[in-house]
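For reference, the structure is listed below as structure tokens.
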Amino acid sequence: MRRLVLLAGVFCACAARQAAPPANPATPVVHYDMEPIKIEAVPGPTGVQIEAFDAEELFERAGAALSAQKYDDAIRFYDKLLTSFPASSYARAGLYNRGLAQRDKKDWPAAIASFKAVAETYADHADSKDALFQLGACHAEQGNWPTSGEVFIRLLERKDLNADDRVEAMARRGFAEFNLKDLETAEKTFRTVLEFRKKIEGEERLATDFYLAFSQYHLAQITHERFRVQAIRLPESQMERDLEVKAGLLLQAQRSYIDTIKFGNAGWASAAGFQVGSLYEELYDAFVKAPVPAEVTGEARQVYQDELHKKIKVLLEKSVRWYRENLLMIERLGVNSDWAEKSKIAYAKLLKLLDPNAMPEPQLAPRGTPTPADAPKPPTPPDAPGRPNPPPTQGDDVKRQIL
């Protein structure tokens, strides 16, 4: 059918060139711009075969492969499109979508090259904005935090960002600063996100609360990190001051995690609930590892440690309650994430330390229960000691896909 249509088009074009000029010179001449067709001779099982294809056909076949998660096939079709028809109207979308296929295949260098090409080749087109978001995220996946941060700084200079774009770019910039251990700068950036939300609250509604909860969670993580590194030192006078500071940081981090839960984002709420439980468990461990005054020796040392364990047992009890409440919240929300498993393991471990019969273990929803889809997925950083990965979200992220 395609060949018949094409032959008819050629015949009509030839006839038009041989015909006399129209009687009425004012009659408009209609020109049709058609995508070129390429014909190739390729070896086949029965000999050489002739294949005819155009940019639209390749684009559609590539898109179908991408939707079916057949990334190698999608990349092959997009490559063929870009090589055979570099000036096609499908080239820009094909280049971008090739980056998506490479990203989903986790071929980060290739994805970076594709998204960078979109951003640079089509700098004046709106798609360059989405390409920059993808570019910054791919650099983050590689742990290239300096470059990731620079990309989002560049994005924030654009004039075509809507409120959701601006919030996402600021949050991802803060995430890069956080992973570079520049906690003071990251704290300012995350606070700017929340301040921006208050500024536009009466004018523009955000499509998702994901990056708001993301920013609040990382503000809590920054305080949590300061809590972790706060040492408990001798002499006793210094120890008292250190404990006062550490306890203050715990309460500050707890309030910030609770503020994260208040956003109602299921993924970040489950992560924040787990972290509050871990705060009390970490304070308990800090007490256990705290230096013993030099004058406490012999049998007195054992008595000292026994009394200490009795007094700080309440911290483990608080931790157990938070893990338990988090498990119940996770069950209500139907969250399917690593935080459910982390909370369950921590809860069971502390119950065993305290009293296995103290309270019944909450029953989790079966694995596979979907998490409400309300947000794009942030880049997942590599594991860091003492800091679990951010919670995964259900389903695929907002791909900014051009189809």
A131 versus A119, closest heavy-atom pair with distance:
CB-N, 4.0 Å
When the ring centroid of F214 is compared with that of F175, is the distance short of 6.0 Å?
yes
Considering residues, nucleotides and ligands other than R226, do more than 12 of their heavy atoms fall under 6.0 Å from its CZ?
yes
Could you tell me if the side chain of L161 sits less than 4.5 Å from the side chain of E168, heavy atoms only?
no
Can you give me the closest heavy-atom contact between D160 and K129, atom names plus distance?
O-NZ, 3.6 Å
Gap between atom CG of L66 and atom CD of Q102 - 0.5 Å precision
10.5 Å
Let me confirm one number: the OG-CZ distance from S215 to F196, rounded to the nearest 0.5 Å.
12.0 Å
Mind checking whether F115 and Y96 have ring centres under 6.0 Å apart?
yes
Could you check if a side-chain atom of I112 sits within less than 4.5 angstrom of a side-chain atom of Q142, using non-hydrogen atoms only?
yes
Look at the side chain of D54 and the backbone N and O of E57, then say whether any donor-acceptor pair between them is shorter than 3.5 Å.
yes
Counting N and O atoms only, with roles assigned by atom type, does the side chain of S256 sit under 3.5 Å from a partner on the main chain of A253, one being a donor and the other an acceptor?
no
Do Y78 and R61 come close enough that some side-chain heavy atom pair is under 4.5 Å?
no
Flag the pair L95 / R98 as yes when at least one side-chain heavy-atom distance between them is below 4.5 Å, and no otherwise.
yes
Output yes when a side-chain donor or acceptor of D209 lies under 3.5 Å from a complementary backbone atom of L212, and no otherwise.
no
If you define the side chain from C-beta out and look only at heavy atoms, does anything of L58 sit under 4.5 Å from Y90?
no
Indicate yes or no: at least one non-hydrogen side-chain atom of H139 is less than 4.5 angstrom from one of Q134.
no
Take R197 and L194 through the test side-chain contact (heavy atoms from CB on, under 4.5 Å) and record every step on the way to the result.
CA-CA 5 Å; R197 180 248 190 153; L194 302 178; 5.6 Å; no
Does K80 form a side-chain contact (heavy atoms from CB on, under 4.5 Å) with R76? I'd like the steps, not just the answer.
CA-CA 6 Å; K80 192 169 185 177; R76 178 166 52 83; 5.9 Å; no
Could you tell me whether E295 atom CD has more than 12 heavy atoms of other residues or ligands within 6.0 Å of it?
yes
Any heavy-atom pair between the side chains of M329 and E325 that's under 4.5 Å?
no
The reported gap from CD1 in I75 to CG in L82 (rounded to nearest 0.5 angstrom) is 11.5 Å
For V193 and A171, work out which heavy atoms get closest and say how close.
CG2-N, 3.8 Å
As a quick check of understanding, evaluate side-chain contact (heavy atoms from CB on, under 4.5 Å) for L155 and F133, giving each step before the final call.
CA-CA 8 Å; L155 260 166; F133 272 102; 3.8 Å; yes
Tell me whether S270 contacts the main-chain N or O of G267 through its side chain, where contact means a donor paired with an acceptor under 3.5 Å.
yes
F152 and A169: which non-hydrogen atoms are nearest, and at how many Å?
CB-O, 3.7 Å
Looking at side-chain heavy atoms only, is the closest gap between L206 and I200 below 4.5 Å?
yes
Residues E225, R228; criterion salt bridge (Lys or Arg N to Asp or Glu O under 4.0 Å); working and verdict:
CA-CA 5 Å; E225 185 62 26; R228 286 191 184 105; 3.2 Å; yes
Nearest 0.5 angstrom please: S319 OG to Y280 OH, how far?
9.5 Å
For the residue pair A269 and N326, what are the closest heavy atoms and their distance?
O-OD1, 3.9 Å
Compute the centroid of each ring, for Y323 and then for Y347, and state whether the two points are separated by less than 6.0 Å.
no
Under 3.5 Å, which donor-acceptor pairs do the side chains of residues 229-240 form with other protein atoms, sequence neighbours left out?
from : atom 1 : to   : atom 2 : distance (Å)
Q230 : NE2    : D242 : OD1    : 3.4
R233 : NE     : D242 : OD2    : 2.9
R233 : NH2    : D242 : OD1    : 2.8
Q238 : OE1    : R241 : NH2    : 3.0
Q238 : NE2    : D242 : OD1    : 2.8

Has the side chain of S128 got a donor or acceptor atom that lies under 3.5 Å from a matching backbone atom of H125?
yes
Using salt bridge (Lys or Arg N to Asp or Glu O under 4.0 Å), reason through K105 and D107 one step at a time and then give a plain yes or no.
CA-CA 5 Å; K105 189 184 173 184; D107 186 351; 5.1 Å; no
Validation: residues 299-316 side-chain donor-acceptor distances under 3.5 Å, sequence neighbours left out:
from : atom 1 : to   : atom 2 : distance (Å)
Q302 : NE2    : D306 : OD1    : 3.0
H309 : ND1    : Q305 : O      : 2.7

Quick check, are the ring centers of F210 and W268 under 6.0 angstrom apart?
yes
For the side chain of D182 and the backbone of E177, is there at least one donor-acceptor N/O pair under 3.5 Å apart?
no
If the plane angle is over 60° it's perpendicular, under 30° parallel, otherwise tilted; pick one for Y257 and H224.
perpendicular
Check against side-chain hydrogen bond (donor to acceptor under 3.5 Å, both in side chains), E195 and T192
CA-CA 5 Å; E195 289 166 4; T192 301; 4.6 Å; no
What verdict does the side-chain contact (heavy atoms from CB on, under 4.5 Å) test give for R172 and S148, after you've listed the backbone C-alpha separation in whole Å, the side-chain angles of each residue and the deciding distance to 0.1 Å?
CA-CA 8 Å; R172 286 181 179 267; S148 179; 6.0 Å; no
Shortest non-hydrogen pair, G174 vs F190, comes out as C-CZ, 3.3 Å
Could you measure the distance from the CG atom of D285 to the CD atom of E281? Nearest 0.5 Å is fine.
6.0 Å
Salt bridge (Lys or Arg N to Asp or Glu O under 4.0 Å) between R191 and E187, intermediate numbers included
CA-CA 6 Å; R191 292 199 185 283; E187 184 175 25; 3.3 Å; yes
Side-chain (D165) to main-chain (N162) donor-acceptor, under 3.5 angstrom:
yes
From S343 atom OG to R324 atom CZ, the distance as rounded to the nearest 0.5 Å
13.5 Å
Donor-acceptor pair, side chain of D164 and main chain of A207, under 3.5 angstrom
yes
